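Below: one structure, written as structure tokens.
In this text, all values refer to a predicted model and were calculated from it rather than measured experimentally.
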Amino acid sequence: MKVTGSIRPMLPILIGASVMLTLSMGLRQSLGLFMQDVARDLTITVSDFAFAVAVQNLVWGLTQPVAGLIASRYGFRPVMVLGGIVYACGLAILATSESLIGVMAGAGLMIGFGMACASPSIALSVSARTVSPARRSMILGVVSAAGSLGALISAPIGQYLMEAFDWRTALVGFVAMAIIMLPAAWMAGRVDRLPPPPPAPDSADSLGARDAILMALRHGPFLVMTGAFFVCGMQLIFLVTHLPSYIALCGLDPMLSAKALGTIGGFNVIGSLFFGWAGGRWNKQVLLGLLYCARSAVIAWYFVTPPTPESTLLFAGLMGFLWLGVSPLIAGAVVEMFGLRWQPMLQGVTFFSHQIGSFLGAFGGGWVFVAYGSYDLALQIGVSIGMTAGIIQIAVALARTPPPKLRAA
């Protein structure tokens with residue numbers, strides 16, 4: 001199999017990566033639907049469930065660079081298939097759990113590790129290897145858009161099964177959906193048969209893993225992008241985990257939570273396509289900064305006004321447009337800075353920062369709610385830090401820092 005100007009020979013790889021990403025992201029983003037019912041039936045607190053989701057994000061972040069390193073050295077297929085197996089097992093353990101230990105093991109540890117192996121970082125690294133540089137940003141946007149459909153599919157299915165049966169039955173349905181990740185990951189693994197990309201000039205392609213990481217850690221724009229990604233994770237996982245609870249506390253229809261998450265997934269498609277297209281034309285890091293600022297402004301607007309079904313769906317649409325657009329921008333920026341060879345590992349480094357933020361967003365949001373009886377303080381912190389990160393990201397991108405010097409041990 002050879003990389004050519006046409007993407008037709010690469011469609012099986014791209015479709016497999018897209019389906020895997022759709023399921024892994026969609027099922028995970030819908031776990032907040034189960035928070036109230038799981039907490040009530042297992043006699044745990046909302047904060048306990050939020051902590052399990054926070055551990056999931058921390059495990060995901062810790063293991064993501066390792067999964068990227070293994071994929072770069074030994075191939076993507078074994079990493080992705082293992083991720084699908086562990087992910088499905090994690091959902092099965094959560095569906096049969098009788099205590100907080102089961103919730104932590106299933107929703108926390110196992111789904112976290114499964115996500116590291118079947119994540120946007122891995123799927124986009126696979127996709128980046130299949131097309132020419134001229135088409136890369138757009139293809140990354142297309143794959144991210146396909147991955148965005150997950151919440152649009154899984155959230156309504158989960159809510160319907162929960163209302164028709166119970167939360168355990170809904171999670172069994174999620175297990176069945178997760179099993180589909182396995183053939184998708186196997187098909188995407190055909191990328192391992194492609195010839196390795198030629199080393200790009202002044203990139204990390206000719207370096208070992210250790211030197212590639214050191215090269216990245218000396219590059220100011222990479223560090224700023226990684227720090228801003230921390231804030232991104234904090235904001236988004238707070239919303240995924242706590243928006244259903246906030247809607248319920250406001251006395252709105254519980255089905256609105258599923259509609260909101262589904263709307264986010266639908267508009268994710270538009271946002272991913274737009275930012276994938278825009279990243280091929282304008283400075284990716286400036287676009288990231290503008291995205292973070294716009295996202296913080298939308299969050300501030302929604303939570304300072306009394307929520308209604310209409311305003312909630314409008315908020316979900318705006319957030320969906322600004323949600324996964326970061327994925328093609330960051331993936332493309334990492335390739336531009338350091339080349340393709342170590343992209344999974346270096347993108348995993350940025351994602352580790354994202355997941356530290358996700359841990360604080362999930363657990364911190366639950367802790368603030370239990371301590372103060374509302375989400376006000378958590379929202380004020382999230383909006384302030386998000387706006388600051390966006391402004392710094394734009395300023396550093398416009399400074400046009402020269403690329404890091406190539407240094408081998």
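- Taking CG from L27 and CE from M177, the interatomic distance works out to 5.0 Å, rounded to the nearest 0.5 Å.
- To the nearest 0.5 Å, the span separating CG on L161 from CG on L171 amounts to 9.5 Å.
- S154 places a side-chain N or O within 3.5 Å of a backbone atom of G26 that can act as its donor or acceptor partner.
- Side-chain atoms of Q285 do not come within 3.5 Å of backbone N or O of A397 as any donor-acceptor pair.
- The minimum heavy-atom distance linking L14 with T130 is given by the pair CD2-OG1, 3.5 Å.
- Contact annotation: the side chain of L42 approaches that of S97 to within less than 4.5 Å [non-hydrogen atoms, C-beta and beyond].
- Checked by atom type and distance alone, the side chain of T305 pairs as donor or acceptor with a backbone atom of W301 at under 3.5 Å.
- Checked against a 6.0 Å centroid threshold, the rings of F351 and W60 count as neighbours.
- Annotation: side chain of L23 is in contact with side chain of V19 (closest heavy-atom distance under 4.5 Å).
- Within the 4.5 Å cutoff, the side chain of M25 has heavy atoms near those of the M115 side chain.
- Scanning both residues, M225 and Q393, for their nearest heavy atoms gives CA-OE1, 3.3 Å.
- With hydrogens and angles disregarded, no donor-acceptor distance shorter than 3.5 Å links the side chain of D48 to the backbone of L100.
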Between M181 and M80, does a side chain to side chain contact (heavy atoms under 4.5 Å, CB included) hold up when you go through it step by step? CA-CA 9 Å; M181 292 169 59; M80 293 186 292; over 6 Å; no
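- A distance of 13.0 Å separates CD1 in I157 from CE in M162, rounded to the nearest 0.5 Å.
- When only modelled atom types and interatomic distance are considered, T350 and S353 share no side-chain donor-acceptor pair under 3.5 Å.
- Heavy atoms from other residues, nucleotides or ligands lying under 6.0 Å from CZ of F267 number 12 at most.
- Side-chain contact check for D192 versus P78: some heavy-atom pair is nearer than 4.5 Å.
- Closest non-hydrogen pair, L346 versus A216, comes out as CD2-CB, 3.9 Å.
- Relative orientation of the F315 and F303 rings is perpendicular, given thresholds of 30° and 60° on the angle between their planes.
- No side-chain donor-acceptor contact under 3.5 Å links K284 to the backbone of A333.
- A distance of 5.0 Å separates CZ of F352 from CG of L62, quoted to the nearest 0.5 Å.
- What you find for I122 and A71 is that their closest heavy atoms are CD1-CB, 4.4 Å.
- Residues R295 and C232 have side chains in contact (heavy-atom distance under 4.5 Å, counting atoms from C-beta outward).
- At distances below 3.5 Å, at least one donor-acceptor pair connects side-chain atoms of R77 with backbone N or O atoms of W186.
- When atom types are taken as modelled, the side chain of D37 and the backbone of W167 share no donor-acceptor pair closer than 3.5 angstrom.
- For the pair I111 and L31, the minimum side-chain heavy-atom distance is below 4.5 Å.
- Under the 4.5 Å side-chain criterion, counting only non-hydrogen atoms from C-beta, I213 is in contact with M345.
- A donor-acceptor contact shorter than 3.5 Å links the side chain of S296 to the backbone of Y292.
- In terms of modelled atom types and a separation under 3.5 Å, the side chain of R73 and the main chain of G68 share no donor-acceptor contact.
- Within a 6.0 Å sphere centred on CG of L217, heavy atoms belonging to other residues, nucleotides or ligands number more than 12.
- Checked against the 6.0 Å centroid threshold, F174 and Y87 do not count as a close aromatic pair.
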Worked check of side chain to side chain contact (heavy atoms under 4.5 Å, CB included) between F321 and F275: CA-CA 9 Å; F321 180 76; F275 285 105; 4.1 Å; yes
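- G158 and A170 make their closest contact through O-CB, 3.6 Å (heavy atoms, listed as atom of the first residue, atom of the second, distance).
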Take I330 and H354 through the side chain to side chain contact (heavy atoms under 4.5 Å, CB included) test and state the conclusion after the steps. CA-CA 12 Å; I330 288 181; H354 180 281; over 6 Å; no
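- Put simply, SG on C293 and CG on L288 are 11.0 Å apart, with the number rounded to the nearest 0.5 Å.
- The backbone N or O of A118 lies less than 3.5 Å from a partner atom in the side chain of S24, making a donor-acceptor pair.
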Discussion item. Go through it in stages, so that I can follow the logic: the residues are D211 and M215, the test is side chain to side chain contact (heavy atoms under 4.5 Å, CB included), and I'd like the CA-CA distance, side-chain angles, deciding distance and then a yes or no.
Written reply: CA-CA 6 Å; D211 291 315; M215 181 181 182; over 6 Å; no
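- For A389 against V231, the heavy-atom pair with the smallest separation is CB-CG2, 3.8 Å.
- Atom-to-atom distance recorded for L91:CG and M110:CE is 9.5 Å, nearest 0.5 angstrom.
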